[in-house]
Amino acid sequence: MFQLLSILLLSSRLFSLSQGVEVTTSKGSATVKNEADLKEIGLPVYPGSRLRQDSKESAQTTLGFWISDKGFRLVAVKYESSDGPEKILAYYRKALGRFGTVLRCPGGTTTPSGLTCKDHETKTGEVDLMAGSTEKRRIVGVEPAPHGGTRFELAYLRTKGVEAH
């Protein structure tokens, strides 16, 4: 997930000097904002965590692109905590459970709703949890922070007519 979010968050840097851009026409819409609505993500913030402050990119982003009834919407927020990865994974496994079977990548198989780790890349030490469906999923990406603690990202990804891995 960190690869996908890094690419999409990089796109949001193009608009870092403004509040963002939203364009809607009769053919479709596009959204790029350096802000995210946690209600849309649908997951709580891990207690004691803080927004991750990277100098090169925003800790929050909303991206979307729709043409007719096909497209995607990604809402993501990056955090860090002094707690270890396993503690954060346990917290979000429980929180994700309200959206269906929780899939852990790498290592998971396929959920009844069709989510799979197949073609889902993670770096060494990184774990992603997912729940929902192939069209509406919540994702938590967790990795050890370079100097102790944990870095993690919360995301909501909605797709229709396009594949997302």
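Everything numeric here is computed off the predicted structure, so don't read it as measured data.
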Quiz item: Leu38: what forms a side-chain contact (heavy atoms from CB on, under 4.5 Å) with it, not counting sequence neighbours?
Solution: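 Leu38: side-chain contact (heavy atoms from CB on, under 4.5 Å) contacts with Ile41, Val45, Val77, Tyr79, Leu154.
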Minimum heavy-atom distance [X]-[Y], with the two atoms named:
| X | Y | result |
| --- | --- | --- |
| Ala59 | Leu51 | CB-CD2, 4.2 Å |
| Val142 | Phe152 | CG2-CB, 4.0 Å |
| Ala36 | Ala76 | CB-O, 3.6 Å |
| Gly100 | Ala131 | O-CB, 4.2 Å |

Within the 4.5 Å heavy-atom criterion, are [X] and [Y] side-chain neighbours or not?
| X | Y | value |
| --- | --- | --- |
| Cys117 | Pro106 | no |
| Lys33 | Ser58 | no |
| Trp66 | Lys160 | yes |
| Leu89 | Leu129 | yes |
| Leu96 | Leu43 | yes |

Please report the interatomic distance [atom1]([X]) to [atom2]([Y]), rounded to the nearest 0.5 Å.
| X | Y | atom1 | atom2 | result |
| --- | --- | --- | --- | --- |
| Ser49 | Arg151 | OG | CZ | 14.0 Å |
| Gln60 | Lys78 | CD | NZ | 10.5 Å |
| Asp128 | Leu103 | CG | CG | 9.5 Å |

Quiz prompt | salt bridge (Lys or Arg N to Asp or Glu O under 4.0 Å) partners of residues 37-51, not counting sequence neighbours, each pair once | solution =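 Residue pairs passing salt bridge (Lys or Arg N to Asp or Glu O under 4.0 Å), neighbours aside: Glu40-Arg73, Arg50-Glu80.
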Quiz item: Which pairs, with at least one residue in residues 84-106 and sequence neighbours excluded, count as a side-chain hydrogen bond (donor to acceptor under 3.5 Å, both in side chains)?
Solution: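 Output for this query is empty, none listed.
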Practice problem: Pick out which of Met130, Arg137, Lys136 makes a side chain to side chain contact (heavy atoms under 4.5 Å, CB included) with Thr134. | Solution: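 The option that passes is Arg137.
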Practice problem: Could you note down all residue pairs passing ring-ring contact (aromatic ring centres under 6.0 Å, His included) where residues 124-151 supplies at least one of them, sequence neighbours left out? | Solution: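 Listed once each, the pairs would be none.
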Quiz item: Can you name the side-chain hydrogen bond (donor to acceptor under 3.5 Å, both in side chains) partners of Thr111, sequence neighbours left out?
Solution: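 By the side-chain hydrogen bond (donor to acceptor under 3.5 Å, both in side chains) rule, Thr111 matches Ser113.
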Quiz item: Quick one: does Thr150's side chain have a donor or acceptor within less than 3.5 Å of a partner on Ser81's backbone?
Solution: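 No: the side chain of Thr150 does not pair with the backbone of Ser81.
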Quiz item: Has the side chain of Thr62 got a donor or acceptor atom that lies under 3.5 Å from a matching backbone atom of Glu35?
Solution: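 Answer holds: yes.
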